[in-house]
Amino acid sequence: MRTIVNTVERLHESFDFRIITRDHDGREDFQPYEDVEINNWNSIENAQVYYLSKDNIKISKLRELILEVDPDLLYANSFFATFSIFVAKLRKLKRIPKTPFIIAPCGELSDGALRLKSAKKQIFINYSKFFGIYRDIIWKASSELEKAEIKKISGKSGKVFISPDLPPKMLNENYDPNHKVEKIKGEASLIFLSRFMRKKNFRWLLENLEGIEGNLRIDIYGPLEDVEYWKECLKIIENFPNNIKIEYKGSVPYEQTGEVLFQYHFFILPTIGENFGHVFLEALAAGCPLIISDRTPWLNLPEKGIGWDLSLEKPSDWNEIINQCIAMDKSEYEKTSSKARGFAVDWLADEKVEKDTVKVLHYGLSKALTKAI
């Protein structure tokens, strides 16, 4: 998770970070990492990281590690993840100290996200409310929208802070607009860069893509976390006319995302819900105006001149905007691209972003000190 990486990078001089995670990421093969020691602590870029093998994803093992570290503060970047549930249960059953616990749901509580596997999620929400396992939780929302989503679930339980997910201090430091891919009137290249799963809603885009005038290319980057969903998309892609080219390009290492984004004109993501979305900032920093749904914190983009936040209830608007992008000439595109880059640079330089995260952590630590006294 880029939020965790950036938080450690920016705050390691003030906080001692210990991270417990699985031994693989969202790659298609789910194979364990080969360059770290599994089931042991590793020194990774200013943090100690423990990579758990599949057979060690157990509540007893997590309890053992928490007791070993004896942290002042617990933090989970998920509401529904196994580790988060384990920690909540351990605290409720008093199997670990009542350490202050911060949860960042990361968009999991949006209406769109809750509709995916809704029955299973609702059962857990009802269970957690009935047993009060999240009664004294500290919540971290990345926007006012996510705060409202959390309140629907938590009610009056716990305190909710608004703190945008921490980005790096700078993106694409060597950005040179003169080397940006040239825009030719009548053509446009779009990039979809994200985990490929139903929540990202790419099939919806394909099903509603029509009336495209000119040459359109959409390249997809990111791990295929839902292969069946990709097969569904392929069946639609096969029937597109020759002026629309859509290809899957595979995963891309994070260190190369800026370079890859730089090679495209626009960024597109018809997501059904994002709490923040680091990739939006990364795209803007690469001079790619956004074509995204209005279900993210990145709103009012046309007024800023850096893209479009569109309703999923009006697919015709998406086709209209895509045609506008195709019809743009070089001069018009360069102005829009420059605004996108400038917005990202200014946003990243805002000191308030880091201060909001520190505020949440300090609140948790103050509760820990109060309990100790």
Side-chain angles (χ1 to χ4, degrees), residues 1-7 10 21 25-26 75-81 83-85 88 101-118 121 124-125 128 134 137-154 157-168 171 192-202 222 225 254 257 267-284 290 292-301 307 309-312 344 347-348 350 352-361 364:
M1 293 290 289
R2 297 314 307 174
T3 301
I4 302 301
V5 172
N6 297 334
T7 300
R10 297 177 69 145
T21 187
D25 59 18
Y75 180 101
N77 59 321
S78 171
F79 177 73
F80 292 113
F83 291 153
S84 304
I85 296 170
F101 185 24
I102 299 173
I103 290 184
C106 298
E108 293 174 331
L109 302 181
S110 69
D111 291 339
L114 289 175
R115 282 198 292 270
L116 301 174
K117 300 181 181 178
S118 58
K121 290 177 180 178
F124 176 71
I125 289 170
S128 65
Y134 292 103
I137 294 301
I138 302 166
W139 300 90
K140 189 190 88 69
S142 60
S143 65
E144 287 286 354
L145 174 63
E146 188 171 37
K147 179 178 180 179
E149 293 166 351
I150 290 171
K151 283 295 185 181
K152 287 182 182 179
I153 302 300
S154 65
S157 300
K159 186 173 179 63
V160 184
F161 285 87
I162 297 177
S163 169
D165 292 351
L166 267 184
L171 290 164
F192 172 104
L193 194 158
S194 183
R195 298 152 61 200
F196 199 86
M197 55 198 298
R198 293 182 189 274
K199 180 185 174 184
K200 307 304 178 179
N201 209 27
F202 192 72
E225 295 197 7
Y254 173 75
T257 56
F267 175 88
I268 189 164
L269 189 68
T271 178
I272 61 175
E274 301 292 328
N275 71 305
F276 181 74
H278 286 283
V279 71
F280 300 135
L281 266 179
E282 292 161 4
L284 292 169
L290 307 178
I292 61 176
S293 74
D294 58 2
R295 302 184 185 183
T296 84
W298 304 95
L299 300 172
N300 304 313
L301 302 182
D309 44 290
L310 304 171
S311 170
L312 296 176
W347 199 95
L348 290 167
D350 188 348
K352 185 177 183 298
V353 176
E354 184 171 307
K355 289 179 179 178
D356 285 343
T357 296
V358 173
K359 181 179 178 181
V360 181
L361 299 178

(message) Let me confirm one number: the CD1-CG distance from Ile150 to Leu145, rounded to the nearest 0.5 Å.
(response) 10.0 Å

(request) Please work out which of the three classes, parallel, tilted or perpendicular, describes the rings of Phe192 and Phe202, given edges at 30° and 60°. (result) perpendicular

(message) Taking side chain to side chain contact (heavy atoms under 4.5 Å, CB included) as the definition, give me every residue that meets it alongside Pro297, ordered by chain and number, with sequence neighbours left out.
(response) Ser143

(request) Identify, with sequence neighbours excluded, every residue that meets ring pair (Phe, Tyr, Trp, His ring centres under 6.0 Å) alongside Phe79. (result) Phe124, Tyr134, Trp139

(message) Would the distance check show the side chain of Lys199 and the main-chain N or O of Gly112 forming a donor-acceptor pair, the cut-off being under 3.5 Å?
(response) no

(message) Could you go through Leu269 and Leu290, starting from their C-alpha distance and side-chain angles, then the distance that decides it, and tell me whether this counts as side-chain contact (heavy atoms from CB on, under 4.5 Å)?
(response) CA-CA 8 Å; Leu269 189 68; Leu290 307 178; over 6 Å; no

(message) Which heavy atom of Phe80 sits nearest to which heavy atom of Glu108, and what is that distance?
(response) N-OE1, 3.2 Å

(message) Please enumerate all residues that pass side chain to side chain contact (heavy atoms under 4.5 Å, CB included) together with Ala81, with sequence neighbours excluded.
(response) Ser78, Ser84

(request) Give a yes or no on whether the backbone of Ile162 and the side-chain of Lys147 come within a donor-acceptor separation of less than 3.5 Å. (result) no

(message) Going by side chain to side chain donor-acceptor pair (under 3.5 Å), name the residues that satisfy it together with Arg198, two or more places apart in sequence or in a different chain.
(response) Asp226, Glu232

(request) Evaluate the criterion side-chain contact (heavy atoms from CB on, under 4.5 Å) for residue pair Phe267 and Leu284; output intermediate values, then yes/no. (result) CA-CA 8 Å; Phe267 175 88; Leu284 292 169; over 6 Å; no

(request) Tell me, please, which residues at least two apart from Phe161 pass ring pair (Phe, Tyr, Trp, His ring centres under 6.0 Å). (result) Tyr363

(message) Working to the nearest 0.5 angstrom, can you tell me the gap between Leu299 CG and Asp309 CG?
(response) 5.0 Å

(request) With rounding to the nearest 0.5 Å, note down the distance linking CG in Asn77 to OG1 in Thr3. (result) 7.5 Å

(request) Using distance alone, with no hydrogens and no angle criterion, decide if Thr271 and Ser293 have a side-chain donor and acceptor under 3.5 Å apart. (result) no

(request) Would you check if Leu114 and Glu149 make a side-chain contact, meaning some heavy-atom pair closer than 4.5 Å? (result) no

(request) Sequence neighbours left out, what passes side chain to side chain donor-acceptor pair (under 3.5 Å) with Ser142? Give chain and number order. (result) Glu146, Asn275

(request) Could you tell me which residues satisfy salt bridge (Lys or Arg N to Asp or Glu O under 4.0 Å) with Asp356, sequence neighbours excluded, listed by chain and number? (result) Lys352

(request) To the nearest 0.5 angstrom, please state how far the CZ atom of Arg2 sits from the CG atom of Asp165. (result) 12.5 Å

(message) I'd like to check the salt bridge (Lys or Arg N to Asp or Glu O under 4.0 Å) partners of Lys152; sequence neighbours left out, ordered by chain and number.
(response) Asp111

(message) Going by the rule side chain to side chain donor-acceptor pair (under 3.5 Å), which residues pair with Arg195 if we only count those two or more places apart in sequence or in a different chain?
(response) Glu225

(message) Ignoring hydrogens, what is the shortest heavy-atom contact between Pro270 and Leu312? Give both atom names and the distance.
(response) O-CD2, 3.8 Å

(request) Could you grab the distance from atom OG1 of Thr257 to atom CG of Leu171, nearest 0.5 Å is fine? (result) 7.5 Å

(message) Nearest 0.5 Å, please: how far is CG in Leu281 from CH2 in Trp298?
(response) 4.0 Å

(request) For residues Ala141 and Val160, report the shortest heavy-atom separation together with the two atoms involved. (result) CB-CG1, 4.1 Å

(message) Could you check whether any side-chain heavy atom of Pro167 comes within less than 4.5 Å of a side-chain heavy atom of Val353, counting everything from C-beta outward?
(response) yes

(message) Quick check: closest heavy atoms across Ile272 and Ala113, and the distance to 0.1 Å?
(response) CD1-N, 4.4 Å

(message) Which heavy atom of Pro164 sits nearest to which heavy atom of Thr357, and what is that distance?
(response) O-OG1, 3.8 Å

(request) Can you sort out the partners of Glu354 under side chain to side chain donor-acceptor pair (under 3.5 Å), two or more places apart, ordered by chain and number? (result) Arg10

